[in-house]
Amino acid sequence: MCGIVGYLGEKEKKAILLEGLQELEYRGYDSAGIAIIEHHQLKHYKAIGKLSNLKEKTKHFTSTGFGISIGHTRWATHGKPTELNAHPHIGAYSYVVHNGIIENYQLLKAQLIQEGITFVTQTDTEVIVHLFEHHSKQTSTPFEAFEKTIGQLEGAYAILLISELAPDTIFFAKNGSPMLVGFEGDDVYFASSDTPIIGRAKEVHYLADGEYGYATNQAVALFDATGTKAFTKQPLPTDKALAQKDGYRFFMEKEIYEQSHIISETMMGRVLEETIHFEELEENFFDGISAIKICACGTSYHSALAASYLFERMVKVRCSVEIASEFRYKEPLLTHDTLFVTISQSGETADTLKALKMAKQAGLKSLSICNVDNSSIVRESDCAILTRAGIEKGVASTKAFATQTMVLWMLALTMGEHKQTITPTTLAQEITAMRQTPKSLQVTDRLHAKLNRLSKRYLHGHGFFFIGRDIFYPLALEGALKLKEISYLHAEGYPAGEMKHGPIALADSRLFTIALMPKSMHYEKIKSNVEELSARDTTICAISPEPFELADDFIQTHFSTHPMLEFFEMMVITQLLALEISVRLGNDVDMPRNLAKSVTVE
Ligand code: F6R
């Protein structure tokens, strides 16, 4: 996810910007840039790759005296991670940095092109700076032009804009993407999160959606749709490490909580009123495709398995899923009517990459679903869809899984629409459900406290079974993987109907069963599977909207008619349960033993 910093004042600006961007590195980025106006002179520097490249480019530059400055680390969403696409974006006399996605940028861009404006990047952001300059020709103040500009933007944004028209002013606006304003004497700071300004600003105002304004060394003014507003300043936290985790104890915990918000980024600009649109896919992308093969590892493999149910049910195409390390040595039969899909958070997993190369060599069309743009898997694929989860720091994958599953659900609907295997009514119902996903992913204090309380009962015993049916079977696999990764307890995921074919032999009071019992899918079937386990004295933790009297522990979820909403809600519960058990066992949640975040070896 992109990071933004800004500074207005007398201090040396380059150092403040670069150090600030360094603090935002954890958000992930593929290019960076800064722009400064002082003594009426405009300067900017951009570089792809690490911040060290930008530092090298700016090593002979220092700023002096009063000035305004903005900086940005970019996590590519529209357009490749090139220097041209890096922020700040430049108009004739203004610069902008932006975090988020402008959903209506294509429309605005088309209008501006008609006015004779030339665009030089592939980004959605560039439209902001041109729109501002376009309006500033007709308005009496630059601030009016800025107000008009943000009034036309749809989507999510945190924006800082500077212009030679107002060389002592930083314009700012926030809607959907994070930004705060820091204060210290006459100095004003902006940032995407606390860390860049800890130790610099004393007080902070966390901008709310819809707030915007301007800062000069005379005044900082705040507005929203109702008019002028007062800042609600609060003291800044002083602990940087804690601030990086946004106050959460672990990155994994933060990442579980942020799923509800992140999933909207995954959908943004893609889930439209009546259809789902991936601008990454050409119109005829699915032509000639009558089968899908998905290859992935670990958690990504689990999202693939869940998707295979959706593809066969909704698109009526054969969908096979293979663990990449198995696929590569089995001499697989590949046919040209098969779309080869790879799924990877990192985009660097050696086995998945090799599987992709094999499929390409066999002449298959390839699509990757990935969280890291310009990664090896993305570069190697014919086409890539980014999950937009932002950098995932916890080794145990959480938000990557949620966003992969969401992209796959969206993809199944897109393909179903293309192949006319789903009706417009079904599509509309699916989109309605999809829009409720952020709610299903929310963690309430009550739920978290309950899982914390429950966790103390699951520290011993001789193992866990996670069971589920249909898409809840891959979720059971994923729940078991999460638990074993960070608790080091033995856990298996099983299709509920398979227990009586062997695993039930392990059943006794020291066997823990985490039963995924959605109401919208095969409830009665799974209920009887759980009853069989209960009859063997297994300790049952049931997760369901429907109270289940045989459960030793019961975690109640919300009733929902759509299985995917139940899926996402139960996913959060299994993630948090694993986390709380791991914490009680005193393990390092973010860096579990023996594991690496990116597995670049066979
Ligand atoms: C589990 C986990 C791993 C990865 C696997 C594949 O929490 O993170 O199982 O899912 O190593 O990695 P990617 O998705 O980067 O290809």
Residues in side chain to side chain contact (heavy atoms under 4.5 Å, CB included) with Leu153, at least two apart?
Ile102, Leu108, Ile128, Leu131, Ile150, Tyr157, Ile159

Partners meeting side chain to side chain contact (heavy atoms under 4.5 Å, CB included) with Thr141 (sequence neighbours left out):
Phe143, Glu144

Could you name each residue pair satisfying salt bridge (charged side-chain N to carboxylate O under 4.0 Å, His left out) that touches residues 112-126, not counting sequence neighbours?
none

With the threshold set at 4.0 Å, does a side-chain nitrogen-carboxylate oxygen contact exist between Glu258 and Lys254?
yes

For His72, which residues count as a ring-ring contact (aromatic ring centres under 6.0 Å, His included) partner, sequence neighbours excluded?
His87

Euclidean distance, Thr62 OG1 relative to Lys13 NZ, rounded to 0.5 Å
10.0 Å

Return yes if a side-chain donor-acceptor contact under 3.5 Å exists between Gln111 and His134, otherwise no.
no

Under the side-chain hydrogen bond (donor to acceptor under 3.5 Å, both in side chains) definition, can you give me all pairs with a residue in residues 213-225, not counting sequence neighbours?
Asp224-Thr226

For Lys229, give me all partners under side-chain hydrogen bond (donor to acceptor under 3.5 Å, both in side chains), at least two apart in sequence or on another chain.
Glu211

By ring-ring contact (aromatic ring centres under 6.0 Å, His included) - contacts of Tyr206 (at least two apart):
none

Quick one: list whatever passes side-chain hydrogen bond (donor to acceptor under 3.5 Å, both in side chains) with Glu83, sequence neighbours left out.
Lys57

Side chain to side chain contact (heavy atoms under 4.5 Å, CB included) partners of Thr426, counting only residues at least two apart
Ile422, Thr423, Glu430

Those residues that, when tested against Lys439, pass side chain to side chain contact (heavy atoms under 4.5 Å, CB included) (two or more places apart):
Gln442

The complete set of salt bridge (charged side-chain N to carboxylate O under 4.0 Å, His left out) pairs with one or both residues in residues 149-176, sequence neighbours excluded, reads Lys174-Asp209

Among residues two or more places apart or on two chains, list those pairs meeting salt bridge (charged side-chain N to carboxylate O under 4.0 Å, His left out) that have a residue in residues 273-284.
Arg270-Glu280

